[in-house]
Amino acid sequence: MQDYLKGLNDNQRQAVTTTEGPLMIVAGAGSGKTKVLTTRIAHLMANGVDAFNILALTFTNKAAAEMKERIGHILGTGEARNLYIGTFHSVFARILRGEAHRLGYPNSFTIYDTDDAKSVIKTVVQELNLDVQHYKPNACYNRISSAKNALVGPAEYANDYHIQQEDMRANRPMMGQIYMAYAKRCFKNGAMDFDDLLIKMYELLKSFPEALHKYQHKFKYILIDEYQDTNPAQYEIIKLLGAAHENVCVVGDDAQSIYSFRGATIQNILQFQNDYDDVKVIKLEQNYRSTPNILNVANEIIKNNKGQIPKTLFTDQPSGDNIKLVRTQSDNDEGKFVSDSIMEQKLRNHYTNKEFAILYRTNAQSRSFEESLRRANIPYTIFGGISFYQRKEIKDYIAYLRLIVNPQDEEALKRIINYPVRGIGKTTIDKAILYANDQSISMWQVLESAAYHGFKAGTLQAIDEFVTMIKSFHSMLGNKNAYDIAFHVGKQTGFVKELFNDKSTEGVQRYENVQELLNSIKEFIETPSNEESGEVGDKSLSAYLQQITLLTDSDQKDPNADTVKLMTIHAAKGLEYPVVYVGGLEEGLFPSGMSINTREELEEERRLFYVAITRAKKKLFLTYANTRYKFGSLTQNEPSRFIDEMPQDLLDRSYAGGGLKNQSSGWGSGSAFDRMRKTAPEPKTERTFVSAVAAGAVKGKEVTHTPSANFVPSDPAQLQEGMRVEHQKFGFGAVVKLEGSAHNPVATIKFDQNGEKKIMLNYAKLMIVNA
DNA sequence: ACGTCGATCATTTTT
DNA sequence: TGATCGACGT
């Protein structure tokens, strides 16, 4: 039974068997962190700890799933199923589902993703009569999100002098009000955004002692993965949960802290030892992943940062290749180099597709790699970008399901109230929202009682039909499963058919996506017991909806497929590949131009580079381009400062990859330039962004007409063929023909300067000049 | 009421 | 470059 301890080194074994009391495991890259975590949990269980009493929090669903699977493997029983393993967000969402009523939320609360949240922000900004251009939803969202991650509520936000000053300086004095209105609206909608899942969990534990007591005693052993990426909200929650038993085990690597933009603070891991009385610290420094050359480069790079937990990675592997540094002429050449190089490596060293990864700083960089891989017929998978559930047709479908489960969800309601088109237009929607705000009821309640709100007869009928339909769906919740309901909704609303009838390429794709959604729902209800965490599987539609919002793109694609993997460095955290390409090592891009203003920012960029390097097991290629397209215009970039920070004797700058066919494409000359740089390095502060394309506004409209001073629209009923008329935009012309029905008359008019046009008389304004 | 078109604008990273 | 948004025509 103790076999599982055999494959561990001394430190690892100690980390596994030190089960009681607070423990910090500082796990360098590739030091077997996951192995330690999983073995530790298995060890706990082997020594009589009930799976139900163990909580393990990770940052990605992928990591959680992998851990659960490995533990199950070690144990050889189904007991692992009862563990509470998941991301912070998904575990808390699950707990909150059972406790939401305490906080005044419906138990089937909606989870708003970033798009939903921004949309709500836009709404409240408009309702506060503020300029959306100035109070950009994106910026507001980020600001509010940071506040939430620091556990600063709306009231506190509005009263904080320091925050006020900041907002004044940013010329956004109304941020506090926006935050307040946003929080209120989410609550009214029965919805939580991602950050709320943390905040509300904290509130729950803080304000309800019996809830705190319940979960403190449920979770006797707590493990936190990637502790360096936790934010203050997460920190406080862990503090509360762990207070009773203090069996808190955190695992992390301060050198890999890369999520401060999301509110994570590296202080959590640096200060952990001060949080409890008797913290044990175990360092895992032996690396089992990379060659010494790769490790040395990583170690040297990270030395440029201050305030580390001291540690040095070592390995007993043979030294391996040098790191290849390749300069190309353009971003397209960079892509071409990488795909050529992959071809070469496959031939020469018999690598398979899935042994390669291409990493980059920003998602936008994927394009050139994608193109070259496609041309070279190398199969690839891109992780990141928009996930399946962000696609319009999927969001529309889900909006129906959301509305059925939670009619207070105004975002969902607005999304589908007129999709497919059923004659409930903007005017009506605005009116309904106005009533709702006025009377402090939900938009849905307004629609339910539409008859009392003075809508026109036709609109009223459309509303009534819509309300009746949603209610009929709602009544299915009790006796039909999630799949049956979803299928019925798609059929009844007619929009699946509408997609089916669209035979364009995109239309076909959209239809297929919708079918895939239905399949996923079916799979959800058919999966025996749940994957998420302990307890009885909840197969309700509501449970399904809450789960999918927390899925990312990476969770939906198969990491084991035999394809080259493309992703941002952030997304690559925790992964490893035999051959790794890191692209775009240029000033302004990596380090990002957004993150070079403070030491802290720059150090995070450097940690990111460290993460990138340490993904590689055998071979590492770093590339950068002279010129690159950015927002459609050509920019020139200096090589990244990080290049100079690497030990130059471990770099191979002469590598030309591919074969001679590449020499013509321009990047072969790079090494000469590089050698020059080496003797006379450029000043590091200089970055150049040269826009090669001048912005040119080209006007090429039709002949425009300025209406006469005495222009007064005539009654369309007076119009007859042959009359001479004036149109506000098109100028003078003659009526050629009158047609259309009585309530929708259409006139064909031949204009002197703009040719013949059909004019709908209900909307266009015409003046009769003479009969 | 609704779709189309052109102007505008933004891009760091993500649960 | 590409996505989004308001104006405007129908």
Side-chain angles (χ1 to χ4, degrees), chain A residues 57-64 86-93 111 113-114 118 122 132-133 136-139 142 145 149 193-198 226 229-231 233-234 258-264 331 359-365 367-368 383-387 392 418 421-429 458-459 462 549-555 567-573 584 588-596 601 604-605 607-608 611 628-634 693 695 697-702 727-730 740 744 746-747 757-765:
Chain A
L57 296 172
T58 64
F59 265 77
T60 61
N61 296 300
K62 202 166 41 180
T87 64
F88 280 88
H89 295 267
S90 70
V91 167
F92 295 168
I111 298 174
D113 67 16
T114 318
K118 285 176 188 167
K122 195 176 168 194
V132 185
Q133 289 296 324
K136 296 194 179 89
N138 221 328
N142 288 333
S145 179
N149 285 322
D193 65 18
F194 288 145
D195 303 319
D196 284 335
L197 293 175
L198 306 182
E226 310 281 14
D229 287 325
T230 51
N231 62 36
Q234 291 162 327
I258 54 174
Y259 278 102
S260 75
F261 71 93
R262 220 171 70 191
D331 46 354
L359 309 181
Y360 33 77
R361 178 68 240 268
T362 68
N363 279 308
Q365 285 168 260
R367 221 205 60 222
S368 56
F383 291 85
I386 57 156
S387 100
K392 186 187 172 299
N418 201 30
V421 177
R422 50 174 72 89
I424 306 177
K426 195 173 180 313
T427 330
T428 310
I429 296 172
T459 318
T549 320
L550 297 171
L551 291 179
T552 65
D553 190 46
S554 306
D555 299 322
M567 66 189 92
T568 63
I569 299 163
H570 284 90
K573 195 175 68 164
L589 187 60
F590 196 12
S592 160
M594 316 288 289
S595 310
I596 45 174
E601 284 174 347
E604 177 145 324
E605 292 290 304
R607 290 193 293 270
L608 196 53
V611 169
R628 175 181 298 279
Y629 275 95
K630 208 173 197 177
F631 314 143
S633 57
L634 199 63
V693 181
V698 189
K699 284 270 172 189
K701 260 215 150 178
E702 292 218 277
H727 185 277
Q728 276 188 306
K729 272 273 144 58
F730 302 135
N744 188 24
V746 176
K757 289 193 188 296
K758 289 198 178 211
I759 306 286
M760 293 175 85
L761 298 176
N762 283 348
Y763 306 110
K765 292 182 182 90

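Residue numbers begin at 1 in each chain, while the letters A, B, ... track the order of the sequences. Given the structure is predicted, the values throughout are model-derived calculations rather than measurements. Side chains are part of it too, since the values below use all heavy atoms of this structure and drop only hydrogens, waters and symmetry mates.
- In the set B:dT12, C:dT1, B:dA1, B:dA1 carries the atom at the smallest distance from any side-chain atom of A:T428.
- Looking at heavy-atom distances under 4.0 Å, A:K136 makes contact with sugar-phosphate atoms alone, never a base.
- Between A:T552 and B:dT15, a side-chain N or O to OP1/OP2 separation shorter than 4.0 Å is present.
- Looking at heavy atoms from C-beta onward, A:M567 lies in side-chain contact with A:L359 at the 4.5 angstrom threshold.
- Across all strands shown, A:K62 has no heavy atoms under 4.0 Å from either base or sugar-phosphate atoms.
- If you find the closest nucleotide of DNA chain B to A:G384 and to A:A364, the one lying nearer the 5' end belongs to A:A364.
- Side-chain polar atoms of A:T549 and A:D113 form no donor-acceptor pair below 3.5 angstrom.
- Across all strands shown, A:T60 has no heavy atoms under 4.0 Å from either base or sugar-phosphate atoms.
- Nucleotide C:dA3 holds its P atom 19 Å from the NZ atom of A:K630, rounded to whole Å.
- Taking CG of A:N363 as the start and OG1 of A:T568 as the end, the distance is 5.5 Å to the nearest 0.5 Å.
- Classification of the A:Y259-A:F59 ring pair by plane angle, with boundaries at 30° and 60°, yields parallel.
- Relative to the side chain of A:S592, the nucleotides B:dT12, C:dT1, B:dT11 differ in distance, and B:dT12 lies closest.
- When the C1' atom of C:dA3 is taken as reference, atom CZ of A:R367 falls 15 Å away, rounded to whole Å.
- Taking the P atoms as reference points, B:dT13 lies 15 Å from C:dT4, given to the whole Å.
- Side-chain contact check for A:N142 and A:S145: no donor-acceptor pair (N or O, by modelled atom type) lies under 3.5 Å.
- To the nearest 0.5 Å, atoms CE (A:M594) and OG1 (A:T362) are separated by 12.0 Å.
- In this entry the distance linking CG of A:L550 with P of B:dT15 reads 10 Å, nearest Å.
- Residue A:N363 places at least one side-chain N or O under 4.0 Å from the OP1 or OP2 atom of B:dT14.
- One interatomic measurement links the two molecules: CG of A:D229 to C1' of B:dT15, which rounds to 11 Å at whole-angstrom precision.
- Nucleotide B:dT15 holds its C1' atom 14 Å from the CG atom of A:N142, rounded to whole Å.
- Put simply, A:N138 has a side-chain N or O that comes within less than 4.0 Å of OP1 or OP2 on B:dT11.
- Rounded to whole angstrom, the span from the CD atom of A:E605 across to the P atom of B:dT13 amounts to 11 Å.
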Quick one: which protein N/O atoms are closer than 3.5 Å to N/O atoms of nucleotides 2-5 of chain B? Pair and distance per line, please.
| residue | atom | partner | partner atom | Å |
| --- | --- | --- | --- | --- |
| B:dC2 | OP2 | A:N418 | ND2 | 2.9 |

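- For A:I258 and B:dT13, the CD1 to P distance is 13 Å, given to the nearest whole Å.
- Put simply, CG on A:N231 and CG on A:D195 are 8.0 Å apart, with the number rounded to the nearest 0.5 Å.
- For A:T568 and B:dT14, the shortest distance from a side-chain N or O to OP1 or OP2 is below 4.0 Å.
- Residues A:K573 and A:D229 are paired through a salt bridge, judged by an N-O separation under 4.0 Å between the basic side chain and the carboxylate.
- A straight line from OH of A:Y360 to P of B:dT12 spans 16 Å, rounded to a whole angstrom.
- Checking the phosphate oxygens (OP1, OP2) of C:dC5, a side-chain nitrogen or oxygen of A:K122 falls inside 4.0 Å.
- Among the heavy atoms of the strands, none lies under 4.0 Å from A:F88.
- Lacking a ring centre under 5.5 Å from that of the base six-membered ring together with a plane angle below 30°, A:F59 does not count as stacked on B:dT15.
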